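First up is the structure itself, then whatever we jot down about it.
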Amino acid sequence: LVAPLDRANVDTDQIIPKQFLKRIERTGFGQFLFYDWRQDPSFVLNEPRYEGASILVTDKNFGCGSSREHAPWALGEFGFRTIIAPSFADIFANNCFKNGMLPITLTPDQVAEIMRRAQQQPGYHLTIDLERQTVEDGQGLSILFVVGEFQRYCLLEGLDDIGLTLRHEDLIRAYEVEHR
């Protein structure tokens with residue numbers, strides 16, 4: 001299910017406001033996603049038709065501002081697994097990948113078409129195929145996207161930085177034993 005957030009330059013303080021960054025766990029942030037905007041009953045994510053959406057389509061420069069990793073944590077805990085936009089802030093996109101979330105960059109026209117369909121068609125769904133690197137809707141829309149091979153590998157294998165390191169646990173142990 002696709003939720004359209006028709007806003008450009010959404011910064012990380014809008015995604016997860018600073019007052020919620022005091023938590024020491026990596027959980028509990030989803031309830032505060034877009035906190036200030038969600039106070040407005042007409043905000044798109046308050047609409048029941050978008051409840052349970054796992055794909056967020058938005059405008060350019062999503063995730064700009066500070067480099068807080070809490071932003072993808074909040075988005076992920078809220079239920080989003082993929083974000084589609086014409087552009088992302090670099091640090092935000094890297095934080096998404098490191099936290100198992102897929103940021104997909106498409107052209108402004110492609111994003112506008114997906115946004116239009118999500119706004120006009122209740123229950124609008126997309127299929128994201130990371131192996132084939134496609135976005136499809138079953139209604140004739142089929143778009144290829146590009147993801148770096150390393151990020152693609154990590155997402156497909158479910159690996160974060162720690163998981164990547166632990167794949168070499170035997171070598172790490174052997175080194176520690178040898179160099180005591």
Side-chain angles (χ1 to χ4, degrees), residues 1-12 14-16 26-27 29-30 33-34 37-38 43-64 69-161 163-164:
L1 181 62
V2 180
L5 179 63
D6 195 4
R7 298 183 188 206
N9 303 310
V10 175
D11 69 48
T12 54
Q14 294 161 323
I15 296 169
I16 182 73
R26 289 177 57 166
T27 60
F29 295 101
L33 180 69
F34 300 119
W37 293 345
R38 289 178 60 212
F43 179 63
V44 66
L45 294 183
N46 290 334
E47 293 183 37
R49 71 187 251 189
Y50 299 118
E51 188 174 329
S54 61
I55 300 169
L56 182 68
V57 61
T58 188
D59 206 345
K60 67 183 177 189
N61 200 28
F62 189 80
C64 58
E69 195 171 17
H70 301 73
W73 294 348
L75 287 157
E77 194 168 276
F78 193 80
F80 293 112
R81 297 291 170 251
T82 302
I83 303 166
I84 298 172
S87 61
F88 295 93
D90 288 341
I91 293 173
F92 174 81
N94 286 329
N95 283 338
C96 284
F97 284 119
K98 289 176 182 256
N99 286 282
M101 185 176 300
L102 177 60
I104 296 176
T105 303
L106 299 177
T107 69
D109 288 342
Q110 292 167 329
V111 170
E113 180 59 22
I114 292 170
M115 182 87 63
R116 184 188 66 73
R117 291 179 187 211
Q119 291 168 334
Q120 293 179 356
Q121 299 176 30
Y124 182 69
H125 283 78
L126 288 173
T127 299
I128 309 296
D129 187 327
L130 182 55
E131 289 180 346
R132 291 180 32 236
Q133 296 181 158
T134 59
V135 174
E136 298 176 328
D137 72 357
Q139 302 171 23
L141 182 90
S142 183
I143 303 170
L144 292 173
F145 64 90
V146 177
V147 170
E149 280 304 309
F150 177 73
Q151 289 88 355
R152 184 172 168 258
Y153 169 78
C154 289
L155 288 173
L156 288 171
E157 296 296 318
L159 297 171
D160 60 8
D161 289 346
L164 281 167

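Just so you know, residue 1 is the first one in the sequence shown, and it goes up from there. Model, not experiment: these values are computed from the prediction.
- Put simply, CD on Glu69 and CD1 on Ile91 are 11.5 Å apart, with the number rounded to the nearest 0.5 Å.
- The structure places CD of Glu113 at 12.0 Å from CG of Leu106, a figure rounded to the nearest 0.5 Å.
- Judged by distance alone, the side chain of Arg81 and the main-chain N or O of Gly76 form a donor-acceptor pair under 3.5 Å.
- In this structure, the side chains of Val147 and Phe97 come closer than 4.5 Å at one or more pairs of heavy atoms.
- For the pair Cys64 and Phe92, the minimum side-chain heavy-atom distance is 4.5 Å or more.
- Sorted by first and then second residue, the ring pair (Phe, Tyr, Trp, His ring centres under 6.0 Å) pairs involving residues 109-150 (not counting sequence neighbours) form an empty list.
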Problem set entry | Candidate pair Thr82 and Leu126, rule side-chain contact (heavy atoms from CB on, under 4.5 Å), full reasoning | CA-CA 10 Å; Thr82 302; Leu126 288 173; over 6 Å; no
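- Counting all heavy atoms, side chain and backbone alike, Met115 lies closest to Pro4 at SD-CB, 3.4 Å.
- Between the side chain of Ser87 and the backbone N or O of Asn61 there is at least one donor-acceptor pair closer than 3.5 Å.
- Residue Arg38 holds its CZ atom at 6.0 Å from CG of Asn46, rounded to the nearest 0.5 Å.
- No side-chain heavy atom of Asp129 sits under 4.5 Å from any side-chain heavy atom of Glu136.
- Closest approach of Glu77 to Arg26, counting heavy atoms only: OE1-O, 4.4 Å.
- Taken from CD in Gln151 to CG in Leu130, the straight-line distance is 10.5 Å, to the nearest 0.5 Å.
- The two atoms that bring Glu149 and Gln133 nearest to each other are OE2-OE1, 4.4 Å, heavy atoms only.
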Under the side-chain contact (heavy atoms from CB on, under 4.5 Å) rule, what do Ile15 and Leu33 come out as? Steps first, then yes or no, please. CA-CA 6 Å; Ile15 296 169; Leu33 180 69; 3.6 Å; yes
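- Counting only heavy atoms from C-beta outward, the side chains of Gln14 and Arg7 never approach each other to under 4.5 Å.
- With sequence neighbours excluded, no residue forms a ring pair (Phe, Tyr, Trp, His ring centres under 6.0 Å) with Tyr50.
- By the 30° and 60° cut-offs, the orientation of the rings of Trp73 relative to Phe29 is tilted.
- You'll find the side chain of Asp137 stays beyond 4.5 Å of the side chain of Thr127, heavy atoms only.
- Contact of the Asp59 side chain with the Pro86 side chain is registered, since non-hydrogen atoms from C-beta on lie closer than 4.5 Å.
- Put simply, the side chain of Arg152 gets close to the backbone of Glu131: a donor and an acceptor are under 3.5 Å apart.
- Between Ile114 and Ile143, some side-chain heavy-atom pair lies under the 4.5 Å cut-off.
- Judged by distance alone, the side chain of Thr58 and the main-chain N or O of Leu5 form a donor-acceptor pair under 3.5 Å.
- Across all their heavy atoms, Ile83 and Cys96 have their closest contact at CD1-SG, 4.4 Å.
- When all heavy atoms of Thr134 and Leu144 are compared, the pair lying nearest together is CG2-CD2, 3.5 Å.
- In this structure, the separation between CG on Leu102 and CD1 on Ile128 is 7.0 Å, given to the nearest 0.5 Å.
- Distance CG/Asp11 to CZ/Phe62: 9.5 Å, rounded to 0.5 Å.
- Contact check for Leu75 versus Phe34: side-chain heavy atoms found under the 4.5 Å cut-off.
- Residue Asp90 qualifies as open at atom CG: its count of foreign heavy atoms under 6.0 Å is 12 or below.
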